[in-house]
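The structure under discussion appears below in the form of structure tokens.
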Amino acid sequence: MTSFREPSLQAPEEQPPEDRALRPQRMAEMVGQRAVYERLEIAIDAARKRGETLGHILLDGPPGLGKTTFATCIPRELGTTLQIASGAALAAPKDLLPYLTNAAEGSVLFIDEIHRMPIAVEEFLYPAMEDFRIDITLGDGVAARTINMPLRPFTLVGATTRAGLISAPMRDRFVIREHLDYYSPEELAEIVRRSAVKLQMPMDDVSADEIARRSRGTPRLANNRLRWIRDFSTSRAERAIDVGIVRSALEMQGIDELGLDGFDRKYLETIHRVFAGGPVGIEAIAHTMSSAADTLEDDVEPFLLRCELVIRTPRGRKITPKGEDHLGAAPPSGRQNTLF
Ligand code: ADP
């Protein structure tokens, strides 16, 4: 699509070239998330047929499940332009101003990590979302006056890993709200097979299944594992990839049968050994691990909770018997985790 503007506002380190190479360019290339896909497709089709601006969309779910991919595909489907901003970088309303005034009619503004916008920025966005206008205050005190500035109608796509942190007034302004869930092993295996073709890696189905099984239901991790296996096989001068190579490569990275890495296991070990199985608050776990509570809550816990290796109680996190069994069965969490 010639009118599509590349997401140049995104920091380059967030978008390594290979990531872009593996990211589906059109919604039809996306694997899984069928219910979300179908609802979005209908909304996009209707907006296109009526020549109207697509309603604002909120996507939530754990990291690496395809929120950015949907957000970058939607404008392509609409034949319009895309701007990308990050909630964490929007510290004041003035930071949002260029995005709003640059937005072409019917274009898409994607705000990643939208829960990180301060309340002042959020409130500035309300009239922009609802009436496509912004209120700008000029001057101070008695001389202050507010001017109304009309905007061209646009579609806001917000992404968040923390739906619970989005305020009710903000949430209500999104017409479409979709939750992305973990992928099935079959869907992940399909993503691995497609990525292997793009990376020109000859691979059998058993190997693709093995990578899928150890990717924690997450396409981003499946692609990361695949790239590591490619490095591993290149370095060892292997000609074709088989399941033995996949296992050796992943074991070298400390990725176990369930797809947990050393950091995930360190989290389990912290609850198990340091806090005698819990219950323990997230802050205490984070301090002990020299990590941030946010990182643990966003990146580590969702999958462990889903696998029932830990549970959340009103008094804190507790390891389950299944979690204890897993620690017993898994290899040690690696040399980088010498804390224990
Ligand atoms: P999020 O924004 O939710 O953190 P991304 O959209 O950046 O996740 O997805 C991470 C990577 O996973 C993408 O670069 C893409 O390669 C891959 N990916 C995500 N969703 C899909 C999908 N449905 N089909 C194929 N690949 C996907």
Side-chain angles (χ1 to χ4, degrees), residues 6-7 9-41 44 57-77 82-89 108-116 156-163 165-166 177-199 201 203 208 211-212 214-230 259 294-295 297-303 306:
E6 279 302 312
L9 295 166
Q10 187 158 10
E13 66 272 20
E14 286 175 40
Q15 266 277 40
E18 285 204 337
D19 207 50
R20 222 186 279 178
L22 296 185
R23 194 190 291 285
Q25 301 296 300
R26 301 302 295 244
M27 271 180 41
E29 291 169 35
M30 293 183 75
V31 175
Q33 308 290 355
R34 283 349 267 171
V36 176
Y37 175 96
E38 279 165 21
R39 285 190 290 265
L40 288 178
E41 201 183 27
I44 290 168
I57 302 171
L58 181 65
L59 301 171
D60 82 81
L65 295 191
K67 297 182 293 298
T68 306
T69 307
F70 269 119
T72 50
C73 286
I74 288 168
R76 288 197 181 94
E77 305 302 326
L82 169 71
Q83 299 186 87
I84 299 183
S86 169
V108 173
L109 168 59
F110 172 46
I111 305 185
D112 200 6
E113 297 194 275
I114 196 162
H115 63 273
R116 296 184 66 181
L156 177 68
V157 179
T160 181
T161 47
R162 302 281 194 90
L165 292 186
I166 306 281
R177 297 191 288 260
E178 295 290 355
H179 172 73
L180 303 191
D181 214 337
Y182 290 107
Y183 290 64
S184 69
E186 294 73 30
E187 289 164 349
L188 278 186
E190 178 60 25
I191 291 172
V192 168
R193 280 193 291 273
R194 291 184 189 193
S195 295
V197 171
K198 287 184 190 162
L199 295 174
M201 294 167 68
M203 176 175 301
I211 299 169
R214 297 200 197 200
S215 296
R216 296 183 12 178
T218 307
R220 177 178 292 140
L221 293 184
N223 283 337
N224 289 351
R225 311 255 191 273
L226 191 67
R227 286 197 199 98
W228 165 249
I229 291 160
R230 184 171 67 154
D294 276 4
T295 310
E297 280 191 273
D298 285 355
D299 294 345
V300 177
E301 290 191 325
F303 188 72
R306 185 167 176 262

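Indexing begins at 1, ligand by ligand and atom by atom, following the structure's order.
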Note, Ile166 side chain near Asp60 side chain (heavy atom, < 4.5 Å): no

Close approach, Ala159 and ligand 1, non-hydrogen under 4.0 angstrom: no

Within-4.5 Å side-chain heavy-atom neighbours: Gln33 and Glu187: no

Geometric N/O contact Met30 with ligand 1, under 3.5 angstrom: no

Under-4.0 Å heavy-atom contact with ligand 1, by part of Asn223 that carries it: side chain

Selection residues 28-40 - residue pairs positive for salt bridge (charged side-chain N to carboxylate O under 4.0 Å, His left out), sequence neighbours left out: Arg39-Glu178

Check ion pair Asp112-Lys67 (N to O, under 4.0 angstrom): no

Asn223 versus Arg220, side-chain donor and acceptor atoms under 3.5 Å: no

Region of Ile191 engaging ligand 1 - heavy atom pairs below 4.0 Å: side chain

Pro24 N/O to ligand 1 N/O under 3.5 Å: no

Numbered atoms and elements of ligand 1 in range of Tyr183, under 4.0 angstrom, heavy atoms: 20 (N), 21 (C), 22 (C), 23 (N)

Contact check, Phe70 vs ligand 1, heavy-atom distance below 4.0 Å: no

Heavy-atom side-chain contact between Leu65 and Pro219 under 4.5 Å: yes

Any N/O pair Gln33/ligand 1 closer than 3.5 Å: no

Ligand-residue contact atoms, ligand 1 with Pro219, heavy atoms, under 4.0 Å: 12 (O), 17 (C), 18 (N), 19 (C), 20 (N), 27 (C)

Interfacing atoms of ligand 1 (cut-off 4.0 Å, heavy-atom, Pro63): 4 (O)

Val36 vs Phe70 side-chain heavy atoms within contact, under 4.5 Å: yes

Side chain Arg76, main chain Gln25, donor-acceptor under 3.5 Å: yes

Pick from Arg220, Glu29, Met27: the one approaching atom 10 (C) of ligand 1 most closely through a non-hydrogen atom: Arg220

